[in-house]
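We name chains A, B, ... by the order of the sequence lines, and we start the count at 1 in each one.
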Protein chains: 2
Amino acid sequence: MEKEISQAVIRRMPRYYRYLGELLDDGVERISSNDLSARMRVTASQIRQDLNNFGGFGQQGYGYNVKYLYDEIGNILGINQRHNMIVIGAGNLGQALANYVNFEKRGFVIIGLFDVNPALKGTCVRDIKVRMMDELEVFVRKWPVDIAALTMPKEHAKEIANILVDLGIHAIWNFAHLDLELPEHVVVENVHLSESLMQLSYNFANYKKLTDKK
Amino acid sequence: MEKEISQAVIRRMPRYYRYLGELLDDGVERISSNDLSARMRVTASQIRQDLNNFGGFGQQGYGYNVKYLYDEIGNILGINQRHNMIVIGAGNLGQALANYVNFEKRGFVIIGLFDVNPALKGTCVRDIKVRMMDELEVFVRKWPVDIAALTMPKEHAKEIANILVDLGIHAIWNFAHLDLELPEHVVVENVHLSESLMQLSYNFANYKKLTDKK
DNA sequence: TGTAGAGTGTTAAATTTTTCACACATTGAC
DNA sequence: GTCAATGTGTGAAAAATTTAACACTCTACA
């Protein structure tokens, strides 16, 4: 078995993908790790190391073919394979996700939106109907759901996550401010906005301290 | 000058803060790095190392006083100091931020919400009025703004970010899918949702591969 | 076709991050 | 008060990550 690739590397791959997409749009055909490194402000060495975790995509004396590398990274990340998503919590955040058409372009299709608020029942976000939570189970049994995004308040997240896992979903995009404790085979990706804000706050305070001292 | 603390450490601090807050709510008075490590699923060693970057908050034979440590980490992160925020982009995501009352509890107060869409002019999210972009400059000159959250489409983010920086703002919470190139003294925290989703996608695909092989 | 230059893949070194291990301060039971 | 148990702070080891260095391949131009 191949050795496992570290999350540090994985976290950088989407960024490569983004930059390559831009190059593609700009009609750039080929790029060297050096040129890319200058654009992305990372070392060329890191780019080459990262990519070589997945295989040799470049060619000596030439560099990397943008289109080819773009597609390869897309495959690695599972982009352009269709992923059906549901979003639990149709508040602003849930609606923001539902409205974000770029996900769909990449194969991440939101097929259902759920909430407890009866006022939302039957309303639509884009063409996605908001359903009540009691319809969740039937829905998930009927449609193949790959990923569930949790955008509801943290009070219910734990319970819902367990239900989803019992229903066979094993990828969860968690926006609730808590750490889900789920079986090992379930993949969880956390987006903790308040923690991100606090990190910003620290760096902000620290920058001020630095300049105040001068 | 004290040696700089790595972002890896900073990124973990809000999580400690969150767990300590929960302990506090549960009426727990003291905790050892060992107990905390069991709850948080990190090594006790890491907890002690992390905290000791900022000073010795614990006591041998006793552990850490929850309330005290909670407050200290709060201070380190600049929580409970007031931070005035503005949000550029009053779409779903901007409104989600504006509606999220917990930020305010922590001292992060959104004082303005801006958009280009005239249909939103004068509408309110909670008690925050949505203003048009052409009012931005006067607003920022009038009110002290610490942090700007960018939730508008990426096409305009670069330009707006430059304007904000010129107006003296030096902390930016960037939700747009691009990397801002700003002067060194500006602190930027990125939240790239699509990259987070791709990381989930990779891990999802990889989990599947693993189990399929068996 | 030959060859200088470009640029990858890869091994090795440097750095950073995490974990281990333990001396010693404090607690709390008796 | 004594003393075993607890549990931090910290220096050192281990592991992981990042950067550097370079042999060798392929390109592109004459």
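- Overall, the helix from C/dT1-D/dA30 to C/dC30-D/dG1 carries an axis bend of 30° between its ends, with five pairs at each end and the value rounded to 10°.
- For the OP1/OP2 pair of D/dG7 and a distance below 4.0 Å, the side-chain nitrogens and oxygens of B/Asn34 include no atom meeting the criterion.
- Straight-line distance from the CD1 atom of B/Ile5 to the P atom of C/dT16: 15 Å, rounded to whole Å.
- Contact check, B/Thr43 against C/dT18: no side-chain N or O comes under 4.0 Å of OP1 or OP2.
- Below 30°, between 30° and 60°, or above 60°: for A/Phe114 and A/Phe139 the angle between ring planes is above 60°, a perpendicular geometry.
- Between the CD1 atom in A/Ile73 and the OH atom in A/Tyr68 there is a gap of 11.0 Å [rounded to 0.5 Å].
- The CD1 atom of B/Ile47 lies 8.5 Å from the CG atom of B/Asn34; values are rounded to the nearest 0.5 Å.
- A sub-4.0 Å separation between OP1 or OP2 of C/dT8 and a side-chain N or O of A/Ser33 is present.
- Applying the side chain to side chain donor-acceptor pair (under 3.5 Å) test to every pair with at least one member in residues 86-104 of chain B, sequence neighbours left out, gives these pairs: A/Asn92-B/Asn99, A/Asn99-B/Asn92, A/His177-B/Tyr100, B/Tyr100-B/Asn102, B/Asn102-B/Lys105, B/Glu104-B/Arg126.
- When the P atom of C/dT17 is taken as reference, atom CD of B/Glu4 falls 11 Å away, rounded to whole Å.
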For nucleotides 21-30 of chain D, read 5' to 3', which letter fits each nucleotide if B means a protein heavy atom sits under 4.0 Å from the base, S means only the sugar-phosphate is that close, and - means neither? BB--BBSS--

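- Taking only side-chain atoms of A/Ala8, from C-beta outward, the nucleotide of D/dT17, C/dT10, C/dT19 with the closest atom is D/dT17.
- In this structure, the CD1 atom of A/Ile31 is 16 Å from the P atom of C/dA6, given to the nearest Å.
- When the side-chain nitrogen and oxygen atoms of B/Arg11 are compared with OP1 and OP2 of C/dT17, none of them lie within a distance under 4.0 Å.
- Separating the CG atom of A/Asn53 from the C1' atom of D/dT18 is a distance of 12 Å, rounded to the nearest angstrom.
- If A/Gln7 and B/Phe57 are placed on DNA chain D by their nearest nucleotide, the residue sitting closer to the 5' end is B/Phe57.
- Here B/Tyr64 reaches the OP1 or OP2 of D/dG9: one of its side-chain N or O atoms lies under 4.0 Å away.
- When the P atom of C/dG7 is taken as reference, atom CG of A/Asn52 falls 16 Å away, rounded to whole Å.
- With rounding to whole Å, A/Ile47 atom CD1 is found 13 Å from D/dA20 atom P.
- B/Glu4 and A/Asn206 share no side-chain donor-acceptor pair at under 3.5 Å.
- One atom, CG of A/Leu69, and another, C1' of C/dG9, lie 14 Å apart when rounded to the nearest Å.
- Between A/Asp35 atom CG and C/dA6 atom P there is a gap of 12 Å when expressed in whole angstrom units.
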